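If you're wondering where the values come from, they're calculated on a predicted model, not measured in any experiment.
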Amino acid sequence: MGLALPEAGRYFARSLKQSLRLMVGLPDYDAYLTHMAATHADRAPMSYEAFFRERLEARYGAGKGRCC
């Protein structure tokens, strides 16, 4: 069975928003939170501001890459 129309619309809007953010290089904080909960449950996730700064540094700085 497929998704109900309102649910499909929300899914499409979410997917479009994520795609547009990725195209312009904005990090996805929700994906980061999901990753942290699934992979690093013993560690507290960064705040949005700290996450954004770290992603900018990783992208443009000569610094760290991904955690895994």
#### Entry: Pairing residues for Asp28 by the side-chain hydrogen bond (donor to acceptor under 3.5 Å, both in side chains) criterion, not counting sequence neighbours
Gln18

### Message
What's the separation between atom CG in Leu33 and atom CE in Met46, rounded to the nearest 0.5 Å?
### Response
9.5 Å

### Query
Which residues satisfy the ring-ring contact (aromatic ring centres under 6.0 Å, His included) test with Tyr48, sequence neighbours excluded?
Tyr29

### Query
Can you tell me how far CZ of Arg55 sits from CZ of Phe52, rounded to the nearest 0.5 angstrom?
11.0 Å

### Query
Got a second to check how far Asp42's CG is from Met36's CE, nearest 0.5 Å?
8.0 Å

### Query
Who are the side-chain contact (heavy atoms from CB on, under 4.5 Å) partners of Ser47, not counting sequence neighbours?
Glu49, Ala50

